[in-house]
Amino acid sequence: MATNTNYLAEYDAAPEDQKYPLVQKWMKTEPLPFFKQLRNERPILVTPECTLISHFTDIRDVLQMPKIFTVDLYKPKMGVTETEVGYLMAHDDDALHYREKSIMQGFLNRDDLPRVRKLIQDEGKKLLDDANGKIEIVGQYCRMVPAILVQEYFGLDGVDKADLIEWSFWSQYNTFHNQPFDLNPPELNKKIEENHAKSSEKLKKYLEKLIVKKLVLVNLEKPKNFIVSAWHTIKGIFGKKEKVELKDDMLTRMLRTHFAPEVEFPLDRLGANAGGLLIGSIETTSQAVAQTIEYFLQRPELLAKLKQLAQDSDLGKFDGYVWEALRFVPISPYMFRQTSQDYTVALGTDRETTIKKGTNVLTLTQSAMFDEYSYENAEEFIGERNWYHHFNFGFASHECLGKYVGMVMIPEMVRQVVLRTNIHDLGPINYKNGPFPEEYNLAWN
């Protein structure tokens, strides 16, 4: 991580319109030395485009004040309009966010995690076995395994996995990589927004049809309804050849559960949250898994240790190595917010800074994970660290809804790959000028 670059001197000397592009480049290409200099010399960096916060304590402080440091930038991306409430992630500490996240956390029962890990283990192993020693891991594995989870565990079935992958991709791209501080050219901005709009419409129509189908089956489970001609009802909706049995999945659990009207969780809100399970699962998991695999394949000594841990009956230490790797290669080096009012960060310290209302703020969460406040010898890889100071699943009220699913899915996907004999890559990850891994070729004996 050593570097001779004086980032701040170069930043200060740059023309005004080149300052933030420099920052953006450093965050993408050499984040750790850049963030270290920020923490040491200018912990709160005010740029023409946004304000960057680099200290662990300041970031944790900011992220715990959602009414001041808001997710308002999410709103136009997540369907929030004057007449539509959109998805819960676009709400800050209000009744809808608190209510719906609580409900969904109940459905995502943590007692399911052994079942989830077994599903990932079996499906991941099968995909790799069928690849016969060579695979383009992003499209054929990193995106495919979570798509299988979305179908089998979340219950968004009856649709091609490629559609699920596409819908997740454009939603993630538009929400998290098509913001003002991303500096996308107008033509790319337009392409992203158009593809997201098309994908959202397709997802909405698909969910409406799926919910009706499963709702009929749920209602037919009730004894009083079996006295009607159930077979003719099912036949008329599904057709002769379609399998119509219900499984225990998230969507079915949601439809089987009755809420009083006062809870305010009708079918349209159920549908919005079912779509959210998809959007947050595939592309994020794919990126985390691909980048973690590359991290270990580039470090033979760590890979050897990881292979050894992958054989243990207790996978806690193995998982810890994966989370430690994701400090170094997170899916994003920051989380962004927008201020709803003036606020002074780090009040009473030598880095005290007042951030004005309407400012876009980048909380440099990767920097926080390397702050000596959070971990001793933070620049070293130590697989036995605890993960309580990590930000890989967000933090505070906007922490990832599916955090605990991800905490078994991501390590198990990595594990199935590193268990392969003589696993190696045939080149680095190709991002194809975008924010996500798009191609990464692996081979093994």
Please confirm whether the backbone N or O of [Y] pairs with a side-chain atom of [X], one donor and one acceptor, at under 3.5 Å?
X	Y	answer
Glu324	Gly320	no
Tyr206	Leu156	yes
Thr344	Leu347	no
Gln287	Ile331	yes
Ser281	Leu277	yes
His196	Tyr173	no

Practice problem: Return each pair, listed once, that meets side-chain hydrogen bond (donor to acceptor under 3.5 Å, both in side chains) where at least one residue sits in residues 409-421; pairs must be two or more places apart or across chains. | Solution: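 Qualifying pairs: Arg117-Glu412, Asp129-Arg420, Glu412-Arg415, Glu412-Gln416.
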Exercise. For residues 12-28, pull every pair meeting side-chain hydrogen bond (donor to acceptor under 3.5 Å, both in side chains), keeping only residues two or more places apart or in separate chains.
Key: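 Checked against side-chain hydrogen bond (donor to acceptor under 3.5 Å, both in side chains) - neighbours excluded - the pairs reaching residues 12-28 are Asp12-Arg42.
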Heavy atoms of other groups near [X] [atom1], more than 12 under 6.0 Å:
X	atom1	result
Glu201	CD	yes
Glu187	CD	yes
Glu372	CD	yes
Lys125	NZ	no
Lys191	NZ	no

Shortest non-hydrogen separation from [X] to [Y] and the atoms involved:
X	Y	value
Leu45	Leu38	CD2-CD2, 3.9 Å
Ala346	Asp58	CB-OD1, 3.7 Å
Leu127	Gln140	CD1-O, 3.8 Å
Arg385	Arg327	NE-NH2, 3.4 Å
Ile279	Ser171	CG2-OG, 3.1 Å
Leu22	Glu10	CD2-OE2, 3.7 Å

Output all residues satisfying salt bridge (Lys or Arg N to Asp or Glu O under 4.0 Å) with [X], sequence neighbours left out; order by chain, then residue number.
X	value
Glu399	Lys403
Arg115	Asp248
Asp371	none
Glu439	Lys432

Let me confirm one number: the [atom1]-[atom2] distance from [X] to [Y], rounded to the nearest 0.5 Å.
X	Y	atom1	atom2	value
Trp170	Ser200	CH2	OG	12.0 Å
Leu203	Leu210	CG	CG	10.0 Å
Ser286	Ile137	OG	CD1	9.5 Å
Thr365	Leu362	OG1	CG	9.5 Å
Ile103	Arg269	CD1	CZ	10.0 Å
His91	His97	NE2	NE2	9.0 Å

Within the 4.5 Å heavy-atom criterion, are [X] and [Y] side-chain neighbours or not?
X	Y	result
Phe35	Tyr334	no
Gln298	Leu303	no
Leu326	Ile410	yes
Leu419	Lys307	no

Quiz item: If you measure from the Lys or Arg side-chain nitrogens to the Asp or Glu carboxylate oxygens, is any gap between Asp122 and Lys118 under 4.0 Å?
Solution: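 A salt bridge links Asp122 with Lys118.
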Distance-only donor-acceptor hits, side chain of residues 387-396, under 3.5 Å, sequence neighbours excluded:
residue, atom, partner, partner atom, Å
His389, ND1, Ser374, O, 2.8
His390, ND1, Asn392, ND2, 3.1

Contacts of [X] that satisfy ring pair (Phe, Tyr, Trp, His ring centres under 6.0 Å) - sequence neighbours left out:
X	value
Phe318	none
Tyr321	Phe381
Trp444	none
Phe107	none

Under 6.0 Å between ring centres, would you say that holds for [X] and [Y]?
X	Y	result
Tyr295	Phe328	yes
Tyr11	Tyr7	no
Tyr431	Phe436	no
Phe56	Phe370	no

Quiz item: Can you name the residues that form a side-chain hydrogen bond (donor to acceptor under 3.5 Å, both in side chains) with Asp342, not counting sequence neighbours?
Solution: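 Result, side-chain hydrogen bond (donor to acceptor under 3.5 Å, both in side chains) vs Asp342: none returned.
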Self-check item: Asn273 and Glu100: side chain donor to acceptor below 3.5 Å
Solution: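 Yes, Glu100 and Asn273 have a side-chain donor paired with an acceptor closer than 3.5 Å.
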Quiz prompt | Phe265 six-ring centre to Arg99 NZ/CZ under 6.0 Å and within 45° of normal | solution =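 No; the conditions do not both hold, so Arg99 does not lie above the ring face of Phe265.
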